[in-house]
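The structure displayed is predicted, hence computed values, not measured ones. Positions are given from 1, in the same order as the sequence printed here. Counting starts at 1 for both ligands and their atoms, in listed order.
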Amino acid sequence: MMQPRMNFHAGHCNYECTICMNVCPSGAILPLTVEKKKLMQLGVAKFIKENCVVYADNTDCGACSEHCPTKAVNMVPYSNPVNKRLKIPEVKPEYCIGCGGCEHACRTKPYKAIYVDGNAGP
Ligand code: SF4
Ligand code: SF4
Ligand code: SF4
């Protein structure tokens, strides 16, 4: 209640932006430079294969990977029952900063096939 929260269905954290940190009057969101923010991990993306259209519909996608600013999501070859040349997401957690770009871009409904699992606070 009355605390900031990230809603990655509505949007995501822009890689180059630090506006909320610089306008927050109470220090609840600590000010960081853009370069420091880029190294700050808010959470880690989790991939749910069963929800992904590549697995469920044997069709191309890759929107999550295209929207990832750190290349933490890559599309890797996926052998499938219909023998199409498909690629499926693979997450490298160590590169993920939890910006939510992948979750916001993922088109699956009602459940996303990739979502950010937030890190615990200090
Ligand atoms: S740093 Fe991210 S969450 Fe904060 S205002 Fe910018 S885009 Fe929004
Ligand atoms: S949350 Fe998604 S888009 Fe953002 S860095 Fe992690 S894998 Fe990439
Ligand atoms: S955006 Fe969603 S549906 Fe598309 S490849 Fe990524 S996880 Fe799968």
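Those atoms of ligand 2 with a heavy atom of Val73 less than 4.0 angstrom away are 7 (S). When each atom of ligand 2 is checked for a heavy atom of Gly100 under 4.0 Å away, the hits are 1 (S), 4 (Fe). Here is the list of ligand 3 atoms found below 4.0 Å of a heavy atom in Val53: 3 (S). Of all the atoms in ligand 2, the ones that sit under 4.0 Å from a non-hydrogen atom of Ala45 are 7 (S). Applying the 4.0 Å criterion to heavy atoms of Thr70 picks out, from ligand 2, the atoms 5 (S). Numbered from 1 in the order shown, with element, the atoms of ligand 1 that lie under 4.0 Å from a heavy atom of Cys20 read 1 (S), 3 (S), 4 (Fe), 5 (S). Atoms of ligand 2 found under 4.0 Å from any heavy atom of Gly98, numbered from 1 in the order shown, are 1 (S), 6 (Fe). Numbered from 1 in the order shown, with element, the atoms of ligand 3 that lie under 4.0 Å from a heavy atom of Thr108 read 3 (S). The Val116 neighbourhood of ligand 2 comprises atoms 1 (S), with distances under 4.0 Å to a heavy atom of that residue.
Counting protein heavy atoms only, atom 2 (Fe) of ligand 3 is closest to Cys106 SG, 2.4 Å. Looking only at protein heavy atoms, the nearest one to atom 3 (S) of ligand 2 is Cys102 N, 3.2 Å. Nearest non-hydrogen protein atom to atom 4 (Fe) of ligand 3 is Cys61 SG, 2.2 Å. For atom 7 (S) of ligand 3, the closest non-hydrogen atom of the protein is Ala113 CB, 3.6 Å. The protein atom (non-hydrogen) at minimum distance from atom 6 (Fe) of ligand 2 is Cys96 SG, 2.3 Å. Residue, atom and distance of the protein heavy atom nearest to atom 1 (S) of ligand 3 are Cys64 N, 3.3 Å. Looking at atom 8 (Fe) of ligand 3, its nearest protein heavy atom turns out to be Cys52 SG, 2.3 Å.
Using modelled atom types, no side-chain atom of Gln41 and backbone atom of Gly98 make a donor-acceptor pair closer than 3.5 Å. In this structure, His67 contributes its side chain and Ala63 its backbone to a donor-acceptor pair below 3.5 Å. For Lys112 (side chain) and Cys106 (main-chain N/O), a donor-acceptor pair under 3.5 Å exists by modelled atom type. Thr59 contributes no side-chain N or O that, together with a main-chain N or O of Val53, makes up a donor-acceptor pair within less than 3.5 Å.
Residue Phe47 places a heavy atom under 4.0 Å from ligand 3.
Heavy atoms of Asn51 found under 4.0 angstrom from ligand 3: none, in either backbone or side chain. With a 4.0 Å cut-off on non-hydrogen atoms, Val91 does not touch ligand 2 at all. Using a 4.0 Å cut-off between heavy atoms, Pro89 contacts ligand 3 through its side chain alone, with no backbone atom that close. The proximity of Ile97 to ligand 2, defined as any non-hydrogen pair under 4.0 Å, involves the side chain as well as the backbone.
Cluster annotation: Val76 is connected to Phe47 through the hydrophobic network of ILVMFWY side chains, with a link wherever side-chain heavy atoms come within less than 4.5 Å.
Residues Lys84 and Asn58 share a closest heavy-atom pair of NZ-O, 2.8 Å. Residues Leu86 and Asp60 share a closest heavy-atom pair of CD2-OD1, 3.4 Å. Contact detail for Ala45 and Cys96: the closest heavy-atom pair is N-SG, 3.3 Å.
One of the N, O or S atoms belonging to Cys99 lies under 2.8 Å away from atom 4 (Fe) of ligand 2.
More than 12 non-hydrogen atoms from other residues, nucleotides or ligands lie less than 6.0 angstrom from CG of Leu39. Counting heavy-atom neighbours within 6.0 Å of Tyr55 OH, excluding the residue itself, gives a total of 12 or less.
Between Ser65 and Lys87, every side-chain heavy-atom pair lies at or beyond the 4.5 Å cut-off. A heavy-atom distance below 4.5 Å is not found between the side chains of Tyr111 and Ile48.
Of the candidates Cys68, Gly62, Ala56, it is Gly62 that places a heavy atom closest to atom 5 (S) of ligand 3.
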With side-chain contact (heavy atoms from CB on, under 4.5 Å) as the test, would you mind laying out the steps for Asn119 and Val44 before giving the verdict?
CA-CA 7 Å; Asn119 288 348; Val44 176; 4.2 Å; yes
Residues Val34, Glu16; criterion side-chain contact (heavy atoms from CB on, under 4.5 Å); working and verdict
CA-CA 6 Å; Val34 171; Glu16 303 290 340; 4.0 Å; yes
